[in-house]
Amino acid sequence: MPKASLNKKERLKSRKEIDFLFKEGKSFPLTPFRVYYRIKPSAESSTAISLQAGVGVSSRNFKKAVDRNRIKRLSREAYRIQKQPLLDSLVTVNKEMRLFVIYTGRELPQFELVKEKFTIILKRLQTLVHENNTPAS
RNA sequence: ACUACAAACCGGGUUAUCGCUCUUCUUUUAAAGGAAGGGAGGAAAGUCUGGACAGCACAGAGCAUUGCACCGGUGAAUAGCCGGGUCUUGUGAAAGCAAGAACAGAUAGUGCCACAGAAAAUAACUGCCUGUUCUUUCUUCGGAAAGGGCAGGUGAGGAUGAAAACGUGAGGUAAGAGCUCACGAUUAUUACUGGUAACAGUAAUAGUGGGUAAACCUUGCAUGCUGAAACGCCACGUAUACCAUCGCUUAAGGGUGACUCGCCCGAUGAUGGAGGGUAGGCGGAUUGAUUCUGAUAUGCAAAUAUCAGAACAGAUAAAUGAUAGCCACCUGGGAAACCGGGGACAGAAUCCGGCUUAUAGGUUUGUAGUAUUU
RNA sequence: GGCCCGUUCGUCUAAGGGCUAGGACACCACCCUUUCACGGUGGUGAUACGGGUUCGAAUCCCGUACGGGCUA
C-alpha cells in the first residue's frame, strides 16, 4: 500500500552523503529551486530505502529562521505528497537515488507554487531515471 | 463616554483529511505496525551581563588585564530589582510634581582647552600709584607739567570666549585688593541634633587654586582561563611509522593560556614539519537557586518563609506542519440577509536570573484633558 | 551554539576632540578641438541610525541596524 510518508529513514541525514552529493552529484536549476541528485545501482545489502531526500534554504537570502522553516516545511510537504511515482520507477529499474533541493529564490512562496514546481521536478527526475536505465540495460 | 500617556496581562478557538517527533504500553525473531499521551515564546532574538555545570598536570605570591564605583535592603550572583539621599533638566509665583544620572578622586601627578582674547593658569603683558633720576617746556626761581629709565606697591580696569582667580553694594587707600563690613553663593574641618547609612539642619573656625577622568591616571572592591562544537564512554581506523632539530641524566623543552617568581612534568623521549585516519552512537540532556495560582506570616517595597494545588518540549541537514471548513475578533460594501478582505513581532538547540530591542490587536488599572447627565 | 572585528561622497580611501570633513576615479557644466579622446576650470555629492559626555564629536561612551571573519 503506497503511503505519503516522510520519516527519518527517507530523509537524507548524513553529513558525509550530503557533502559528496554537492561535490560529485549532478544538478539542474528550476527557477526558484536548484536540484542536486545522484543515481546509482542499488546494492543488495542496503534494504528498501531507494530514495532519500533533503531540502535547504540559504540563510543569506532569508535572515529570519521563521521564513526558512516555512519554506522547508512547504517543500517537504510538496515532495511528500507527490514522490510516489518516482519511487515506483526507481524500484522497477532497481536503482537508488539521493536528492537535495535548495530554494534559491528571494521571496516567500505560496504553497500552490511550490507544489507545481515539485510536480515538474519529480517528472524530470523520473525521465532521467529511465534515460540512465536504457543504456545500462 | 471619548482621547492621550504609563504599567500589568493575553497573544485566537474548533472539526475533518494527510504528515513529523518523543515517551509509555502492546503485536512481532527482527524490520515494521497498532493504541494512548506530550510537543515552540513573551521576547525562544540581541549575546549586553550574573551564575550553575564541565574541563584545563589549577600549591602559592606579585603585577597586569577587564569590570564596577552615593547609601541601605534583596537575592545563588550581578552593571538587576526595591526603597532612600544628592545633583541636573522640565513645569510652576512657590510648595511641589515628573523625568534622568557612567553620583569615588581635578589640593597625587602628567596632558589638553581650536578660533577669539592682554592672558586658558606657580601668572606674564598693558595699565594705575609712590619714590628716585634724566631730558624738554614753563617759572613768581620755591617748584610745576609732560615724556623716558630704575626700584617698589598693586592685581581694580583691559572690546574676547563655553569658561577669566567668589558676586553685589558700601567703607577704606598713594593706587588698590575679602583689606574691612552687610547680604548672598560655595568648599573643608569640628561640635551638636535627626537618621542604620548616604545625607540634612544649626553653630563656630578656616577658606574661595577654571574646566576636562565617556584624556592618561590614582584610590577602593571584584576577577585564573576556556566554553556543551566543553567534557566522559563505546565503536571504527591507525603508527612503537617518515623527515628535521634537541637530548640520552640534574638536561633541551613543555605545562600552569598576559607576564614574572615559584611549582609540576620530562627518555620504548620532547618539539616542529609533511602526511594519514575518523567525524558514527550513547551519556552530558532536559525536574530545577524552576514557574504559576491561592492562603497565612514578615516587610513601605523588591522579596522571603510555610502550607495546598497545578504545570514543565527535547530535535540533531535539525520535529512542533499542510489543505479545507465553521465560530469568535477587526474591517469594506449593503437597510438586512449576505458577499469580500485581514490577523503583529517572531522559531527552542546545556540550563536558569536579569537587561536591551521588535510587536497587529485586545483586556484591566492609574493619571490628565474634553463632553454629557444627575 | 560560542568568540571577535568593522560601517566616511556612486566606488576606493584620508583626517592626534577644533577652521567650510580632504584626495583620486566616476558624474554634470563650461573651455580647448572641425568632432571625439586627452588636457584645463568649476560644480553636485558622504561620517549607518538613535541617545549621552564635552564649550565643541566622523573621532570618546552606550544601545540598535547591517556587513564580515574565526571556531571539532
Side-chain angles (χ1 to χ4, degrees):
Chain A
M1 167 184 161
K3 256 181 77 45
S5 69
L6 185 67
N7 55 27
K8 270 185 174 177
K9 296 265 164 54
E10 296 175 55
R11 274 181 263 156
L12 190 55
K13 289 166 72 98
S14 166
R15 177 177 284 272
K16 206 172 171 185
E17 288 261 15
I18 292 162
D19 286 343
F20 190 73
L21 184 56
F22 284 137
K23 214 171 167 185
E24 303 287 330
K26 297 177 178 175
S27 71
F28 61 87
L30 196 106
T31 316
F33 294 99
R34 182 165 194 90
V35 184
Y36 288 82
Y37 68 97
R38 204 160 67 86
I39 304 168
K40 64 175 183 180
S42 61
E44 284 298 317
S45 58
S46 67
T47 53
I49 309 148
S50 51
L51 180 62
Q52 286 190 321
V55 294
V57 187
S58 168
S59 65
R60 190 173 295 271
N61 292 341
F62 293 91
K63 300 208 177 301
K64 293 171 186 170
V66 176
D67 298 338
R68 291 200 297 275
N69 279 351
R70 169 95 186 150
I71 291 166
K72 286 197 281 190
R73 281 165 182 163
L74 290 176
S75 304
R76 269 202 298 270
E77 186 71 12
Y79 170 78
R80 181 179 71 79
I81 292 167
Q82 306 179 77
K83 64 160 184 165
Q84 195 58 42
L86 179 61
L87 186 60
D88 288 341
S89 52
L90 275 168
V91 168
T92 50
V93 300
N94 198 27
K95 297 205 168 181
E96 40 181 79
M97 179 185 260
R98 302 286 181 267
L99 184 69
F100 205 89
V101 181
I102 290 180
Y103 187 81
T104 53
R106 288 177 180 278
E107 284 167 17
L108 204 60
Q110 293 293 311
F111 180 68
E112 291 297 318
L113 180 77
V114 176
K115 198 173 169 182
E116 281 172 27
K117 293 291 176 186
F118 260 89
T119 313
I120 301 167
I121 288 166
L122 291 167
K123 277 201 175 141
R124 190 187 281 199
L125 284 169
Q126 213 170 339
T127 55
L128 280 165
V129 166
H130 285 292
E131 272 172 23
N132 275 29
N133 193 37
T134 32
S137 64

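None of these values were measured; they are calculated from a predicted model. For the numbers below, each heavy atom of this structure counts, side chains included, while hydrogens, waters and symmetry mates do not.
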query: Does the side chain of A:V114 reach to within under 4.5 Å of the side chain of A:Q110, using non-hydrogen atoms?
result: no
message: Could you tell me how far apart A:E116 (CD) and B:rU323 (P) are, to the nearest whole angstrom?
response: 14 Å
field: Atom-to-atom span, CG of A:L113 to C1' of B:rU323 - whole angstrom
entry: 16 Å
field: Distance flag, aromatic centroids of A:F28 and A:Y36, threshold under 6.0 Å
entry: no
- line: Paired to B:rA317 by Watson-Crick or G-U wobble criteria (both distances under 3.5 Å) is none
statement: Per the O4'-C1'-N9-C4 / O4'-C1'-N1-C2 angle with a 90° window around 0, B:rG178 comes out syn
message: Does B:rG142 count as syn, meaning its glycosidic angle lies within 90° of 0, or as anti?
response: syn
message: Taking pairing as Watson-Crick or G-U wobble with both contacts under 3.5 Å, can you name the mate of B:rA371, or confirm there isn't one?
response: none
Criterion side-chain contact (heavy atoms from CB on, under 4.5 Å) against A:L122, the qualifying member of A:L87, A:L86, A:V35: A:L86
task: Check whether any side-chain N or O of A:R73 sits under 4.0 Å from OP1 or OP2 of B:rU320, and answer yes or no.
output: yes
message: Distance check, P atoms only: C:rG18 and B:rC112, in whole angstrom units.
response: 14 Å
field: Partner nucleotide of B:rU130 by Watson-Crick or wobble geometry (both distances under 3.5 Å)
entry: B:rA151
field: Inter-nucleotide C1' distance (B:rG50, B:rA76), Å rounded
entry: 10 Å
message: Tell me the interatomic distance from A:E77, atom CD, to B:rC18, atom C1', rounded to whole angstroms.
response: 7 Å
message: Output the rounded distance in Å from NZ (A:K64) to P (B:rG46).
response: 13 Å
query: Starting at the 5' end of RNA chain B, which residue's closest nucleotide do you reach first, A:V55 or A:R70?
result: A:V55
task: Would you kindly give the OH-to-P distance between A:Y79 and B:rC20, to the nearest whole Å?
output: 13 Å
field: Watson-Crick or G-U counterpart of B:rC183, or none if no pair lies under 3.5 Å
entry: B:rG167
message: Using atom P in both nucleotides, what's the gap between B:rG210 and C:rA58 to the nearest angstrom?
response: 30 Å
- prompt: If you check every side-chain atom of A:R80, which of B:rA346, B:rG321, B:rA322 has the closest atom?
  reply: B:rG321
Pairwise P distance for B:rA319 and B:rU21, with rounding to whole Å: 11 Å
First encountered from the 5' end of RNA chain B, between A:N69 and A:L74: A:L74
- prompt: What distance, rounded to whole Å, do you find between the two P atoms, one in C:rA72 and one in B:rA229?
  reply: 13 Å
task: Find the distance A:D67:CG to B:rA358:P and express it as a whole number of Å.
output: 20 Å
field: Pairwise P distance for B:rA310 and B:rU323, with rounding to whole Å
entry: 39 Å
field: Close side-chain approach of A:V57 and A:K72, heavy atoms under 4.5 Å
entry: yes
task: Can you tell me, in whole Å, how much space there is between the P of B:rA303 and that of B:rA1?
output: 34 Å
query: Heavy-atom distance under 4.5 Å between the side chains of A:I81 and A:F118, does that happen here?
result: no
- prompt: Rounding to the closest angstrom, what is the interatomic distance between B:rU372 and B:rA93 at atom C1'?
  reply: 35 Å
Nearest-Å distance for atom pair CD1/C1', residues A:I81 and B:rA322: 7 Å
- request: Hunt down the Watson-Crick or G-U wobble partner of B:rG262, both distances under 3.5 Å, from any strand shown, or write none.
  value: B:rU256
query: Which nucleotide, in any strand shown, forms a Watson-Crick or G-U wobble pair with B:rA270, with both distances under 3.5 Å?
result: B:rU245
- line: As its Watson-Crick or G-U partner within any shown strand, both distances under 3.5 Å, B:rU363 has B:rA8
- prompt: Would A:L30 end up clustered with A:L125 when hydrophobic side chains under 4.5 Å apart are linked, directly or stepwise?
  reply: yes
Nucleotide B:rC20, atom C1' - distance to NZ of A:K72 in whole Å: 14 Å
task: Could you please name the partner base of B:rA32, counting Watson-Crick and G-U wobble pairs only when both distances are under 3.5 Å?
output: B:rU27
query: Looking at A:E112 and A:K115, does any basic side-chain N land under 4.0 Å from a carboxylate oxygen?
result: no
- prompt: With syn defined as a glycosidic torsion within 90 degrees of 0 and anti otherwise, which applies to B:rG42?
  reply: syn
query: Does the side chain of A:R76 get closer than 4.0 angstrom to OP1 or OP2 of B:rA319 through an N or O atom?
result: yes
